[in-house]
Amino acid sequence: MAERYNNIIEFDEISSTNNYANDLVLQKIVPDFTIIKTNFQTKGRGQIGNSWISNKGDNLLFSIILHPTHLQASNQFILSQCVALALRDTIANFCKNVCVKWPNDIYVNDKKIAGILIENKLLGKQIESSIIGIGLNVNQTNFVGAPNPTSLALECPNLCPFNIDDLLFKFLDIFKSYYFESQQNEQEIKSKYFQNLYLLKKLHTFEDSIGQFDGFITNIAPDGRLLIVDTENKERWYYFKEVLF
Ligand code: BTN
């Protein structure tokens, strides 16, 4: 039976679950796996300063608080890999062709179904706390302004409406098991993440600051950099947002 979770703080409306979680860890000691969940965000945040807009009550919007003090800051990407894999597996319970678009967007049939915003506080070389924010498009079917969106309802209309709490519990069970496995067997997580990458082993056109080129996704470094080998066999390494595809 799925594990139940006691530390869930729920709001009908809030500015951003990540903001609330960040404030909470500044104010007091918060147990690991405390969840902040809401039906609606007035200032939902996405990566690189983007906003995350979501219809009221339609989607899964939450943040998890963790203190992964066992992790070196230089190895923080493993946390992102665990989250992305758990989200991928949760969605793969219902849809085919679910993968992780590097570094941590979840795609179904070439469209984005979920986004992840992880905010780590570092203390020297360790991670003191981590706020893992997740937005999963569930029952919403109309999207305005988002570039390439989809949802569980659009991908599997026959299963709609989805129960949002059940999805949260499913995700948490899977994520917990990846998180603890990553403490025993990092390599297993890394290799599973790699195998589930969007466009893996497919010739594709990429774009960096110099221009467009064709190549293959070939590897991921421990710090999360992406290796693309182009059609002239040249190795090109990228940090997040240095390459578009
Ligand atoms: C992305 O840009 O892909 C990341 C989106 C992350 C959105 C989630 S929704 C819950 C949590 N609170 C926020 O303000 N953002 C994250």
Side-chain angles (χ1 to χ4, degrees), residues 3 5 7 16-36 45-49 62-90 99-106 114-135 171-198 200 208 217-229 235-243:
E3 188 183 334
Y5 295 86
N7 294 318
S16 147
T17 57
N18 266 41
N19 290 357
Y20 186 92
N22 272 309
D23 290 348
L24 208 59
V25 293
L26 286 177
Q27 286 161 20
K28 59 178 189 178
I29 296 166
V30 184
D32 271 5
F33 289 97
T34 296
I35 312 296
I36 319 299
R45 294 191 287 113
Q47 290 154 7
I48 51 159
F62 68 105
S63 303
I64 310 170
I65 297 171
L66 279 182
H67 301 84
T69 44
H70 63 283
L71 273 181
Q72 293 286 309
S74 58
N75 200 23
Q76 57 191 286
F77 192 62
I78 192 78
L79 192 58
S80 180
Q81 290 175 305
C82 290
V83 179
L85 276 178
L87 201 46
R88 192 220 76 92
D89 289 3
T90 306
C99 49
V100 181
K101 181 170 183 255
W102 176 86
N104 57 12
D105 286 342
I106 310 301
I116 300 168
L117 178 64
I118 301 182
E119 298 177 297
N120 291 330
K121 281 200 180 59
L122 305 184
L123 186 66
K125 291 185 174 170
Q126 309 294 125
I127 305 177
E128 190 184 34
S129 68
S130 182
I131 309 296
I132 299 164
I134 293 175
F171 167 83
L172 289 172
D173 288 346
I174 303 172
F175 172 61
K176 265 199 170 174
S177 99
Y178 278 126
Y179 182 64
F180 292 121
E181 187 181 352
S182 76
Q183 296 170 29
Q184 317 293 326
N185 191 353
E186 243 180 44
Q187 208 40 54
E188 184 66 29
I189 304 291
K190 288 180 176 167
S191 112
K192 188 155 187 215
Y193 172 88
F194 187 68
Q195 284 155 24
N196 280 288
L197 278 180
Y198 179 59
L200 186 66
D208 65 10
I217 290 178
T218 307
N219 205 352
I220 304 279
D223 64 1
R225 278 174 307 146
L226 178 73
L227 171 63
I228 299 172
V229 175
E235 292 195 352
R236 300 166 179 246
W237 286 97
Y238 297 99
Y239 283 107
F240 183 40
K241 292 293 165 195
E242 288 179 348
V243 63

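Source: prediction; values computed, not measured.
Within the model, atoms CG of Leu122 and OG of Ser130 stand 9.5 Å from one another, a figure rounded to the nearest 0.5 Å. Note that the CZ atom of Arg236 and the CD1 atom of Ile228 stand 8.0 Å from one another [nearest 0.5 Å]. The distance from the CD1 atom of Ile217 to the OH atom of Tyr238 is 11.5 Å, given to the nearest 0.5 Å. The CD1 atom of Ile116 sits 6.0 Å away from the OG atom of Ser80 when rounded to the nearest 0.5 Å. Going from atom CG of Leu79 over to atom CD1 of Ile132 covers 4.5 Å, rounded to the nearest 0.5 Å. Atom CG of Leu197 sits about 11.0 Å away from atom CZ of Arg88, to the nearest 0.5 Å.
In this view, Asp32 satisfies the salt bridge (Lys or Arg N to Asp or Glu O under 4.0 Å) rule with no residue, not counting sequence neighbours. Applying the side chain to side chain donor-acceptor pair (under 3.5 Å) rule to Asn219 yields no partners; only residues at least two apart in sequence or on another chain are considered. Listed by chain and number, the residues in a side chain to side chain donor-acceptor pair (under 3.5 Å) with Asp223 are Arg225, Tyr239 (sequence neighbours excluded).
Under the 3.5 Å distance criterion, the side-chain polar atoms of Asn196 are matched with a main-chain donor or acceptor of Lys192. Here the side chain of Gln81 pairs no donor or acceptor atom with the backbone of Lys190 at under 3.5 angstrom.
Of all the heavy atoms in Ile106 and Ala84, the pair that sits closest is CD1-O, 3.5 Å. In plain terms, the two heavy atoms of Gln72 and Gln126 that are nearest each other are NE2-OE1, 3.1 Å. Taking both residues in full, the closest heavy atoms of Gly133 and Asn18 are given as CA-OD1, 3.0 Å, listed atom of the first, atom of the second, then distance. Closest non-hydrogen pair, Leu117 versus Arg45, comes out as CD2-O, 3.6 Å. The two residues Trp102 and Gly224 come nearest to each other via the heavy atoms NE1-O, 2.8 Å. Taking both residues in full, the closest heavy atoms of Tyr178 and Ile189 are given as CD2-CD1, 3.5 Å, listed atom of the first, atom of the second, then distance.
Two residues are said to be in side-chain contact when any heavy atoms from C-beta on lie closer than 4.5 Å; Leu226 and Glu242 fail this criterion. Using a 4.5 Å heavy-atom cutoff, the side chains of Asn104 and Val83 are not in contact. Residues Ile64 and Leu172 form a side-chain contact, since some pair of their non-hydrogen atoms from C-beta on lies under 4.5 Å apart. Using a 4.5 Å heavy-atom threshold, the side chains of Lys121 and Leu26 count as touching. Side-chain contact between Pro103 and Phe77: present, with at least one pair of heavy atoms (C-beta onward) separated by less than 4.5 Å.
Here the rule is side-chain contact (heavy atoms from CB on, under 4.5 Å) with Leu24, and of Asn19, Ile29, Ile131, Ile36 only Ile36 fits it.
Using a 30° and 60° split on the angle between ring planes, Phe180 and Phe33 fall in the tilted class, from 30° to 60°.
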Item to check | Stepwise side-chain hydrogen bond (donor to acceptor under 3.5 Å, both in side chains) check, Tyr198 with Asp105 | outcome: CA-CA 9 Å; Tyr198 179 59; Asp105 286 342; over 6 Å; no

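By the 6.0 Å contact criterion, NZ on Lys241 is enclosed, its count of non-hydrogen atoms from other residues, nucleotides or ligands being greater than 12.
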